[in-house]
Asker: 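Mind looking over this structure? Questions follow.
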Amino acid sequence: MEKLVWFKFSPRDWVMGKIQRCPEVTQARFIRLCCLYWNKECCISLEDAEIEIDKEHLDILISKKVILVENDFIKINFLDENFEKSEGKTNKLSTSGKIGNLKKHKPELYKRFENKEITLEEALELQKNKVATLSPPDNYPIATQSQIVAEKRRGEESREDKNINSLSPINWESFLKFHNETFGKKARLINDTNKKKFLKLLKDGYTKEDIIKAMVSVKNDKWAIEKKYGYCSHLYFTRPDVIDRYAFPSEIKKNTNNYNGTL
């Protein structure tokens, strides 16, 4: 591909955008990520992005919705829009770029291409015409058993979503209040995605008290204080490495005055 040497950037969007909610170091890392993302034809996996700018900064950008995640790839919307509008996008893509683009936006087609069921050209044509599906061609109806399995899975996911609030061992309202008071935040809710991550921590063997200890420890951490707790979102405390680092040091300051025990 003939490299695109520039992309449109709006100072106003930067000054007024969500990026301003991030620490300055994270903002600098985001600029680096933008350049890499553009150079890679707007196709970078979540894993590669984490390697480039570190998980801590990537998590902040995701939690602030500066970048999005789709099919284990990151999305930077304003760069995607730039790239979509660039003249002759399909022709400009290299072969690896076409494959990466297919994997990012149409994983079902990529799987068929990877399994050598269709050629790259056929996959791109299907992508272009927006007729790609996970199913076989129309003259091969889905097996009844497959439909039953799919419906069962959807039912299980629906019940899981309902149980997040109705049967959760965590009192989300108290937890939200404690987090906001601890770090001076004004969050109005904890989304279901992050709730599931907290519940996974409990499933993996951590306790509610471990999460509280980690938060209290971070509150008293010198570096966190200097950063004015800019990175201390809910998402930050869903990470096992954060709980391990702050809940189990040699000595933990037991400053839990703001916690009423109703997590």
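Residue numbers start at 1 and run along the sequence shown. Quick note: numbers below take in every heavy atom, side chains included, and nothing from hydrogens, waters or symmetry partners.
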Asker: For the atom pair CD1 (Ile76) and CG (Asn82), what is the distance rounded to the nearest 0.5 Å?
Answerer: 11.0 Å
Asker: Anything under 3.5 Å between a donor and an acceptor, one on a side chain of residues 225-239, the other on a protein residue two or more places apart or in another chain? List them.
Answerer:
residue	atom	partner	partner atom	Å
Tyr229	OH	Lys219	O	2.5
Ser233	OG	Leu235	N	3.4
His234	NE2	His179	ND1	3.4
Thr238	OG1	Leu235	O	2.6
Arg239	NE	Asp241	OD1	3.2
Arg239	NH1	Asp59	OD2	3.3
Arg239	NH2	Asp241	OD2	2.8

Asker: Under the 3.5 angstrom rule, does the side chain of Asn220 hit a backbone N or O of Val216 as a donor-acceptor pair?
Answerer: yes
Asker: Quick one: do Lys75 and Asn77 satisfy side chain to side chain contact (heavy atoms under 4.5 Å, CB included)? Show the steps, please.
Answerer: CA-CA 6 Å; Lys75 283 178 61 66; Asn77 283 336; 3.8 Å; yes
Asker: Can you tell me how far apart SG (Cys35) and CG (Leu33) are? Round to the nearest 0.5 Å.
Answerer: 9.0 Å
Asker: Let me have the donor-acceptor pairs involving side chains of residues 21-30, under 3.5 Å, with sequence neighbours excluded, atom names and distances please.
Answerer:
residue	atom	partner	partner atom	Å
Thr26	OG1	His57	ND1	2.9
Gln27	NE2	Cys22	O	2.9
Arg29	NH1	Ile53	O	2.9
Arg29	NH1	Asp54	OD2	3.0

Asker: Could you go through Tyr246 and Lys213, starting from their C-alpha distance and side-chain angles, then the distance that decides it, and tell me whether this counts as side chain to side chain contact (heavy atoms under 4.5 Å, CB included)?
Answerer: CA-CA 7 Å; Tyr246 291 104; Lys213 286 181 181 180; over 6 Å; no
Asker: Looking at Arg245, I want to see if its CZ is surrounded by more than 12 non-hydrogen atoms of other residues, nucleotides or ligands under 6.0 Å.
Answerer: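 Result for CZ/Arg245: enclosed.
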Asker: Decide yes or no for Ile170 and Lys208: does some side-chain heavy atom of the first lie under 4.5 Å from some side-chain heavy atom of the second?
Answerer: yes
Asker: Between Leu58 and Val69, is there a shared hydrophobic cluster once you connect ILVMFWY residues whose side-chain heavy atoms come closer than 4.5 Å?
Answerer: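 Yes, it is one cluster - the side chains of Leu58 and Val69 are joined through contacts under 4.5 Å.
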Asker: As an exercise, state the distance from CD1 of Ile60 to NZ of Lys55, rounded to the nearest 0.5 Å.
Answerer: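 One gets 11.5 Å once the value is rounded to the nearest 0.5 Å.
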Asker: For Asn180, I'd like to know if atom CG has over 12 heavy atoms of other residues, nucleotides or ligands within 6.0 Å.
Answerer: yes
Asker: Answer yes if Ile31 and Ile67 sit in the same cluster of Ile, Leu, Val, Met, Phe, Trp and Tyr residues linked by side chain heavy atoms under 4.5 Å apart, and no otherwise.
Answerer: yes
Asker: Under a 4.5 Å side-chain heavy-atom rule over Ile, Leu, Val, Met, Phe, Trp and Tyr, are Trp14 and Trp38 clustered together?
Answerer: yes
Asker: Which atom pair, heavy atoms only, marks the closest approach of Leu202 to Thr207?
Answerer: CD2-C, 3.8 Å
Asker: Is there a side-chain contact between Ile211 and Glu209 in this structure, where contact means two heavy atoms from C-beta onward sitting under 4.5 Å apart?
Answerer: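 Sidechains of Glu209 and Ile211: no contact.
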Asker: Does any part of the side chain of Asp48, heavy atoms only, come nearer than 4.5 Å to the side chain of Ser45, both counted from C-beta?
Answerer: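 Yes - at least one pair of side-chain heavy atoms lies under 4.5 Å apart.
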Asker: Do Ile190 and Phe175 touch side chain to side chain, with heavy atoms closer than 4.5 Å?
Answerer: yes
Asker: First locate atom CG of Leu199, then atom NZ of Lys197, and finally report the distance between them rounded to the nearest 0.5 Å.
Answerer: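 Leu199 CG to Lys197 NZ: 12.5 Å, rounded to 0.5 Å.
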Asker: Could you work out, with salt bridge (charged side-chain N to carboxylate O under 4.0 Å, His left out) as the rule, every residue matching Lys200, not counting sequence neighbours?
Answerer: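 If we apply the salt bridge (charged side-chain N to carboxylate O under 4.0 Å, His left out) test to Lys200, skipping adjacent residues, the hits are Asp204.
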Asker: Who are the salt bridge (charged side-chain N to carboxylate O under 4.0 Å, His left out) partners of Glu173, not counting sequence neighbours?
Answerer: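 For Glu173 there are no salt bridge (charged side-chain N to carboxylate O under 4.0 Å, His left out) partners, ignoring immediate neighbours.
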Asker: If the condition is side chain to side chain contact (heavy atoms under 4.5 Å, CB included), which residues does Leu189 pass it with, not counting sequence neighbours?
Answerer: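 Partners of Leu189 by the side chain to side chain contact (heavy atoms under 4.5 Å, CB included) criterion, ordered by chain and then number, come out as Asn191.
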Asker: Just so I know, are the side chains of Glu47 and Asp72 near enough to count as touching, which here means a heavy-atom distance under 4.5 Å?
Answerer: no
Asker: Could you tell me the separation between the CD1 atom of Ile74 and the CD atom of Glu52, rounded to the nearest 0.5 Å?
Answerer: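 Here the interatomic distance stands at 10.0 Å.
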Asker: Applying side chain to side chain contact (heavy atoms under 4.5 Å, CB included), can you list everything that pairs with Arg188, at least two apart in sequence or on another chain?
Answerer: none
Asker: What distance do Asn194 atom CG and Trp172 atom CH2 have between them, rounded to the nearest 0.5 Å?
Answerer: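 One gets 8.5 Å once the value is rounded to the nearest 0.5 Å.
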Asker: Would a single hydrophobic cluster contain both Phe248 and Phe198, if residues Ile, Leu, Val, Met, Phe, Trp and Tyr are joined by side-chain heavy-atom contacts under 4.5 Å?
Answerer: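 Phe198 and Phe248: one cluster.
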Asker: According to a hydrophobic-cluster definition based on side-chain heavy atoms being under 4.5 Å apart (Ile, Leu, Val, Met, Phe, Trp, Tyr only), do Phe9 and Leu36 belong together?
Answerer: yes
